[in-house]
Asker: 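Below: one structure in C-alpha cells.
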Amino acid sequence: MSAANTAIGLALGSGAARGLAHIGVLKVLEEAAIPIGCIAGTSIGAFIGALYAAGVPVQHMERTLCDLDWRSLTRLLAPTLPTSGLLDGSKVAKFMAELLPVQTFEELSIPLAVTVTDVESGEALIIHQGSLLEGLHAATAFPGIFTPVPWNGRFLVDGGLCNPVPADVAYRMGARRVIGVSAIPALTRPHALALKKISSKPRKERKTLRKFITSAQIENLFRDIWQSNSQQQRSSTTEQPADRPRHKSPGIFKVCARSVAIMENQINDLRLEKEAIDLLVRPCLDGISLLDFHRAKEAIAAGETATRQLLPEIRRWLK
C-alpha cells in the first residue's frame, strides 16, 4: 500500500451527513490546484474520497448529493429482519455503484484506502485493493443500523468506530504531508450530536419481528427530519412552559445512531490529541445532525469556508 512520490495525502473522516463537507474541501483544493497524491477515507469520507479518486467531477458530486431529499433517501433504505442490523445496505451500495465509473481500487486515478472494523474482533482493517464497491459497502455500514458486510470470513462495519480520521493510513500510503478533515464536532459542543426528534405519533402494536421496522416508518423518519429544522428553530426562540411534559423515550433507530455517534466523538477527539496531523480541517457544522443529508449545501459550504482559511499554509508546503 504505497503511492510513489506522494506529497500531500487526504484523510477524510466519518460524520454521516456532516461528511458532505468533504466535497467543499475537495472543491477548494481543486480550484487552488493543490495536488493530491493519495486518499484515506472512513465512512462517508471513504465514499466521497472514492468518487474523487475515480475522477468524478466535484461539481457532479455536489449536484447529485444536493438533489437528495427525504423521499430519495428513503428509497435507499431497505428494512430487513432485525438480526444484526435494522436496514439492508444493498440499495445504498447500488446508489454508490451508479455514481462510480470504475469497479476496483486498481482502476482509480488516485490511490485510495478505506478503513473498516471487524465487528466481532474489534480489529481495525484497511481495504485498498480488489472490489471498490465491496470495500465502500463495508466502510459505510453504520453499526446497528446497517447489517455488517461479509468479507473474507469476517463481518465488517463502519471504520469510524476505530479510526474516525485515518491520517495514519495516509502516512502509511506514502504521504509526506496530510490534510485531515474531521466532520465530527468537538466534545466542547454539548448539543452538536443531537439528532432531530422523530415522530411522536402512537405506533400500532407490532405482531411480528418483520414488522419491527417498515418502509413507511423509515419514510416517516426522513420526512420528520426534513421538516423539523424550521420547527426546531422556531421553538428555540420561544420559552418552554414550566409544566412541559417529559418527552418519550427515543426509538431504537435513534438510540443506535446516537450511541455510535457518542463513541465516535470520544474516539475522534482522543485520536486527534494523540496523532500528529500536519493540518486539520474542522468545518463549523453546528446545527447539522448526522441525518441531515438534505442540508448538503450548508455542509459543503462549511467545508469550503474552513479550507479557504487554511489555503495559505497548504500553499507554503508546495514552495
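When a residue number appears, it is its place in the shown sequence, counting from 1.
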Asker: Who pairs with Glu106 by salt bridge (Lys or Arg N to Asp or Glu O under 4.0 Å), at least two apart in sequence or on another chain?
Answerer: none
Asker: Flag the pair Pro101 / Val56 as yes when at least one side-chain heavy-atom distance between them is below 4.5 Å, and no otherwise.
Answerer: yes
Asker: Hey, mind stepping through Val116 and Asp158 against side chain to side chain contact (heavy atoms under 4.5 Å, CB included) and telling me if it holds?
Answerer: CA-CA 5 Å; Val116 295; Asp158 192 320; over 6 Å; no
Asker: Using the test side chain to side chain donor-acceptor pair (under 3.5 Å), find all partners of Glu62 that sit at least two apart in sequence or belong to another chain.
Answerer: Lys27
Asker: Do Asp292 side-chain atoms and Ser289 backbone N/O form a donor-acceptor pair below 3.5 Å?
Answerer: yes
Asker: Using the side chain to side chain contact (heavy atoms under 4.5 Å, CB included) criterion, which residues pair with Pro57? Sequence neighbours excluded.
Answerer: Gln59, His60
Asker: Give the C-alpha distance, both sets of side-chain angles, the deciding distance and a yes or no for side chain to side chain contact (heavy atoms under 4.5 Å, CB included) between Val114 and Phe105.
Answerer: CA-CA 10 Å; Val114 303; Phe105 282 87; 4.1 Å; yes
Asker: Look at the side-chain heavy atoms of Ile, Leu, Val, Met, Phe, Trp and Tyr, link any pair under 4.5 Å apart, and say whether Val157 and Val149 land in one connected group.
Answerer: no
Asker: Around Glu107, counting heavy atoms of other residues, nucleotides and ligands shown, do more than 12 lie under 6.0 Å from its CD?
Answerer: yes
Asker: Return the set of residues passing side chain to side chain contact (heavy atoms under 4.5 Å, CB included) with Ser109 (not counting sequence neighbours), or none when no residue passes.
Answerer: none
Asker: CD1/Ile48 to CG/Leu65 distance, rounded to the nearest 0.5 angstrom?
Answerer: 5.5 Å
Asker: When rounded to the nearest 0.5 angstrom, what is the spacing between CD1 in Ile127 and NE2 in His137?
Answerer: 11.5 Å
Asker: For a quick test of reading the model, state the closest non-hydrogen atom pair linking Gly159 to Thr117 and the distance between them.
Answerer: CA-OG1, 3.5 Å
Asker: Drop me the distance from Ser14's OG to Ile44's CD1, to the nearest 0.5 angstrom.
Answerer: 10.0 Å
Asker: Which atom pair, heavy atoms only, marks the closest approach of Cys66 to Ile300?
Answerer: SG-CD1, 3.8 Å
Asker: Holding to side chain to side chain donor-acceptor pair (under 3.5 Å), I want the full list of residues that pass it with Thr115, two or more places apart in sequence or in another chain.
Answerer: Thr42
Asker: List in chain and number order the residues that pass side chain to side chain contact (heavy atoms under 4.5 Å, CB included) with Ala40, two or more places apart in sequence or in another chain; answer none if no residue qualifies.
Answerer: Pro166, Val169, Ala170, Met173
Asker: A side-chain contact here means heavy atoms from C-beta on lying under 4.5 Å apart; do Val281 and Ser182 qualify?
Answerer: no
Asker: Determine, step by step, whether Val181 and Val165 satisfy the side chain to side chain contact (heavy atoms under 4.5 Å, CB included) criterion, reporting the C-alpha distance in whole Å, the side-chain angles of both residues, the deciding distance to 0.1 Å, and the verdict.
Answerer: CA-CA 7 Å; Val181 186; Val165 181; over 6 Å; no
Asker: Give every residue pair that meets the salt bridge (Lys or Arg N to Asp or Glu O under 4.0 Å) criterion with at least one member in residues 41-61, sequence neighbours excluded.
Answerer: none
Asker: Quick one: side chain to side chain donor-acceptor pair (under 3.5 Å) partners of Glu120, sequence neighbours excluded?
Answerer: none
Asker: Tell me the closest heavy-atom pair linking Pro150 and Pro148, and the distance in Å.
Answerer: CD-O, 3.6 Å
Asker: Mind listing the closest non-hydrogen atom pair of Tyr171 and Ile277 along with its distance?
Answerer: OH-CA, 3.7 Å
Asker: Taking side chain to side chain donor-acceptor pair (under 3.5 Å) as the definition, give me every residue that meets it alongside Thr305, ordered by chain and number, with sequence neighbours left out.
Answerer: none
Asker: When rounded to the nearest 0.5 angstrom, what distance separates CZ in Phe95 from CZ in Phe47?
Answerer: 5.0 Å
Asker: Identify each donor-acceptor pair in which a side-chain atom of residues 306-319 lies under 3.5 Å from a protein atom, sequence neighbours left out, and give them as a table.
Answerer:
{"from": "Thr307", "atom 1": "OG1", "to": "Gly303", "atom 2": "O", "distance (Å)": "2.7"}
{"from": "Arg308", "atom 1": "NH2", "to": "Glu31", "atom 2": "OE1", "distance (Å)": "3.2"}
{"from": "Arg308", "atom 1": "NH2", "to": "Glu304", "atom 2": "OE1", "distance (Å)": "3.3"}

Asker: Is His22 reaching over with its side chain to a backbone N or O of Gly13, donor-acceptor style, under 3.5 angstrom?
Answerer: yes
Asker: From Ile8 CD1 over to Asp278 CG, what is the distance, rounded to the nearest 0.5 angstrom?
Answerer: 9.5 Å
Asker: Might you point out which heavy atoms bring Ile288 and Arg18 nearest each other, and give the distance in Å?
Answerer: O-NE, 2.7 Å
Asker: Could you go through the side chain to side chain contact (heavy atoms under 4.5 Å, CB included) check for Leu279 and Val178 one step at a time?
Answerer: CA-CA 7 Å; Leu279 192 67; Val178 172; over 6 Å; no
Asker: So, the side chain of Thr104 versus the backbone of Ser131: is there a donor-acceptor pair under 3.5 Å, distance only?
Answerer: no
Asker: Which pair of non-hydrogen atoms, one from Ile184 and one from Gly15, has the smallest distance, and what is that distance?
Answerer: CG1-CA, 4.4 Å
Asker: Roughly how far, to the nearest 0.5 Å, is the CG atom of Leu29 from the CD1 atom of Ile34?
Answerer: 6.5 Å
Asker: Go through the structure and list residues passing side chain to side chain contact (heavy atoms under 4.5 Å, CB included) with Ala50, not counting sequence neighbours.
Answerer: Leu100, Leu112, Leu132, Leu136
Asker: Could you list all the salt bridge (Lys or Arg N to Asp or Glu O under 4.0 Å) pairs where at least one residue sits in residues 147-156, not counting sequence neighbours?
Answerer: Asp118-Arg154, Glu123-Arg154
